[in-house]
Amino acid sequence: MSDSKPTALKPSIYRSKSSFLDLGISNSRVVHVDEKGKMMSPSNSHSTLETFNEDSLERGLKSRHVQLIAIGGAIGTGLFVGSGAILSTCGPASLFVAYLIMSFVIYFVMQMLGEMTTFLPLPGNGAQSFVNDYLSDSFGFAIGYNYWYAFSILVAAEVTAAAIVVEYWTESVNIAAWISILLALTIALNMLSVKFFGEAEFWFASLKLIALTGLIILGVVLFFGGGPNHDRLGFRYWKHSPFKEHLVEGSTGRFLGIWTAIIKSGFSFICSPELVATAGGECQKPRRNIPKAARRFIYRLAFFYVIGVLVIGVIVSSNNKRLLSGGSDASASPFVIGIQNAGIKVLNHIINAVILTSAASAGNSFLYSASRALYSVACRGNAPAVFKTTNRFGVPYYCVAASSVFGFLSYLNVSSSSANVFAWFSNISTISGFISWILVAFAYLRWRKAINYHGLSERVTFKTPFQPYGAYFVIFFISLVTITNGYAVFFDFKVGDFLAAYITFPIVVVLYVAHRFYAWKVNGVQYWLKPIKDIDLITGLDIIEEEDRLEPDPIPKNWVERIWYWIA
């Protein structure tokens, strides 16, 4: 207990550990914090303040952090390296069309998550919690663990890609050493306060976006013959087989080429919109920053992805033999191949450094999302209570540790035979993400009905266009992609490929049925879907609105700040 002047403090929200679902909202109250962020609350005496220790996730992410986490986590090795395999198999036009179509899908997924997150940005919330709260606990259980697995295995995928990039410069050191260093760095960043994680991700993503912008400009220069060899490329590589035939000949083969490109491009986009929803519970002034990030996410993603693959199709021939490795080494990056073909020296090393940063950044973001997904599952009683524990920095360190275990699967790449096993796991994660998007769309439709039922439309501060039709489109289109994702296996049947394509279905079904049976037998739950009248949209809404009111928008002091606030 100590005396202090209340005027030296600023208002904040104290979230009691005993609050509903431990998400820190229902039993919250307005308190004051000092200049260091230490929370204090008036006791019975007006001159005395009592210090509280908060045991929950903290709002340590700024607007610029959220925006760069969103786009930085989305742009990984799928664009820089994996796009080369699609170009080789399907052709430049198919590659471009696939990324364009998937950008529309991501646009609608981001809209749905943005609306739901902005309405009630609870600490620990995310896509999996919306499925749980707006569909049923059983769906939430199944999709929660599905998300946790998908995010966690993507950490291993990105760490592996980063380690392989390092081997571009030297193979004298065993790849296991690089994997160990990168894993240690990723885990360490996620064990620190979220503000340090956000800061690291901000600079990682900034470097990535600056470099990608430079690559797009370089593609334009090479298009007009501005390279060292003055070879004007134009659309030279689009003149022969822009839509490559795949598996069969003729128009059917060209269609299958486009469809295969759409399926394979999914890995580049998977689980990226969820990063914004996950960060919503830990960012400052979420009702301002989440809509801002959601609106700009799709434009930035479409620009970098769609224009990026267009540049790839311009600077590299789909018949280039080096693309056939499909990313088995860093030199398979179409950007690197195009640079070397143009006779540009040194730049290939710079691009590989960017790819290294890109992989490390994406792995960092996916581990963050994996730990928060497990935290959310635990908060709803579907995982051991120990996973609800956070340290004094608001980090769910047990969740980070458990999610990191999947990262060690990257050691499978030490030998070529086990690398095939790892590729199998990575394929499963893509389908896990597709299934999650479908259930998120269903949850969104239920959320809209609940909003109307409870008469809360006026309190929805972020509304997006083309809804609910965008949700219907996602359900139909992604369901079709998910069902047909392994169609190629039926042309040359292999058990391993078949399981990689479809084993996620029975896993999710088993998780759902097991929890549904338990809920029915033990808890007496009779409904398959939570009744609209029982969907809780009230708890915590007042405190969220009060929190938003207590944090006014920053007022720029000069034209520099005005530009900066608009950007970030």
Side-chain angles (χ1 to χ4, degrees), residues 19-27 109 111-148 274 277-278 280-281 372-383 385 388 432 435-457 459-460 467-468 470-472 474-475 478-479 507-544:
S19 60
F20 177 66
L21 294 178
D22 276 357
L23 292 178
I25 285 295
S26 63
N27 291 340
V109 174
Q111 281 187 330
M112 294 184 289
L113 289 173
E115 281 193 43
M116 292 187 289
T117 303
T118 302
F119 179 74
L120 209 57
L122 303 173
N125 250 10
Q128 66 282 347
S129 60
F130 299 142
V131 173
N132 186 98
D133 297 345
Y134 306 145
L135 290 182
S136 74
D137 293 344
S138 297
F139 275 119
F141 177 83
I143 218 63
Y145 279 102
N146 184 61
Y147 259 127
W148 178 54
E274 288 86 343
T278 302
R372 272 46 176 188
L374 182 56
Y375 176 83
S376 179
V377 170
C379 285
R380 283 155 175 77
N382 291 327
K388 294 188 291 184
S432 296
I435 293 174
S436 298
W437 286 350
I438 295 169
L439 287 179
V440 163
F442 276 115
Y444 173 76
L445 294 174
R446 299 272 298 171
W447 174 77
R448 286 176 63 99
K449 288 184 179 179
I451 288 290
N452 292 330
Y453 178 86
H454 293 292
L456 296 173
S457 297
R459 298 171 76 175
V460 176
Q467 295 293 1
Y472 296 138
V474 170
I475 292 171
I478 296 300
S479 295
I507 290 175
V508 172
V509 170
V510 168
L511 287 171
Y512 172 80
V513 171
H515 188 276
R516 180 71 187 87
F517 182 78
Y518 176 85
W520 173 52
K521 280 293 186 181
V522 178
N523 299 328
V525 177
Q526 299 296 322
Y527 60 77
W528 292 91
L529 288 176
K530 189 174 295 185
I532 293 293
K533 64 182 179 64
D534 293 337
I535 293 179
D536 183 11
L537 298 175
I538 304 299
T539 302
L541 183 58
D542 289 339
I543 202 72
I544 283 294

Task: Neighbour count >12 (heavy atoms, 6.0 Å) for atom OH, Tyr527 - done: yes
Open item on the list: What I'd like to find out is whether the side chain of Phe139 reaches to under 4.5 Å of the side chain of Asn132, using heavy atoms alone.
Closed with: no
Task: Shortest non-hydrogen contact from Gln128 toward Arg372 - done: NE2-O, 4.0 Å
- [ ] Quick one: closest heavy-atom pair of Thr117 and Leu113, and the distance?
- [x] OG1-O, 2.7 Å
Open item on the list: Side chains of Met116 and Val440, heavy atoms from C-beta outward: is any pair under 4.5 Å?
Closed with: yes
Open item on the list: What I want to find out is whether Asp133 reaches Arg380 closely enough, with some N-O distance under 4.0 Å, to be called a salt bridge.
Closed with: yes
Task: Atom of Ala443, atom of Phe130 and distance for their closest heavy-atom approach - done: CB-O, 3.8 Å
- [ ] Give the minimum heavy-atom separation between Ala471 and Met112, together with the two atoms involved.
- [x] CB-SD, 3.6 Å
Open item on the list: Run Ile535 and Leu537 through side-chain contact (heavy atoms from CB on, under 4.5 Å) and show every step you take.
Closed with: CA-CA 6 Å; Ile535 293 179; Leu537 298 175; 4.1 Å; yes
- [ ] For the pair Asn523 (side chain) and Val525 (backbone), establish whether a donor and an acceptor sit closer than 3.5 Å, ignoring hydrogens and angles.
- [x] no
Task: Exercise: identify the closest heavy-atom pair between Ser129 and Ser376 - done: CB-OG, 3.5 Å
Open item on the list: Set out, in order, the CA-CA distance, both residues' side-chain angles and the distance that settles side-chain contact (heavy atoms from CB on, under 4.5 Å) for Leu135 and Phe442, then state yes or no.
Closed with: CA-CA 8 Å; Leu135 290 182; Phe442 276 115; 4.2 Å; yes
Open item on the list: Can you tell me if Tyr512 has over 12 outside heavy atoms packed within less than 6.0 Å of its OH?
Closed with: yes
Show the atom names and distances, to 0.1 Å, of all donor-acceptor pairs under 3.5 Å that link a side chain in residues 444-453 to residues at least two apart or in another chain.
unit_1, atom_1, unit_2, atom_2, d
Tyr444, OH, Glu115, OE1, 3.2
Tyr444, OH, Glu115, OE2, 3.0
Tyr444, OH, Arg448, NH1, 3.0
Arg446, NE, Tyr134, O, 3.3
Arg446, NH2, Lys530, O, 2.0
Asn452, OD1, Ser457, OG, 3.2
Asn452, ND2, Arg448, O, 3.3

Task: Sequence-distant partners of Val509, side-chain contact (heavy atoms from CB on, under 4.5 Å), two or more places apart - done: Val513
Open item on the list: Among residues at least two apart in sequence or on other chains, which ones pass side-chain hydrogen bond (donor to acceptor under 3.5 Å, both in side chains) with Ser138?
Closed with: His515
Task: Heavy-atom closest contact (Ile475 atom, Ile438 atom, distance) - done: CG1-O, 4.1 Å
Task: Qualifying residues under side-chain contact (heavy atoms from CB on, under 4.5 Å), relative to Ser436, sequence neighbours excluded - done: Ile143, Asn146, Tyr147
Open item on the list: With rounding to the nearest 0.5 angstrom, report the OH to NZ distance, Tyr375 to Lys388.
Closed with: 8.5 Å
TODO: In sequence, state the C-alpha distance, the side-chain angles, and the governing distance for Val474 and Val109, and then conclude on side-chain contact (heavy atoms from CB on, under 4.5 Å).
DONE: CA-CA 7 Å; Val474 170; Val109 174; 4.2 Å; yes
Open item on the list: Can you list everything that forms a ring-ring contact (aromatic ring centres under 6.0 Å, His included) with Tyr145? Sequence neighbours excluded, please.
Closed with: Phe141
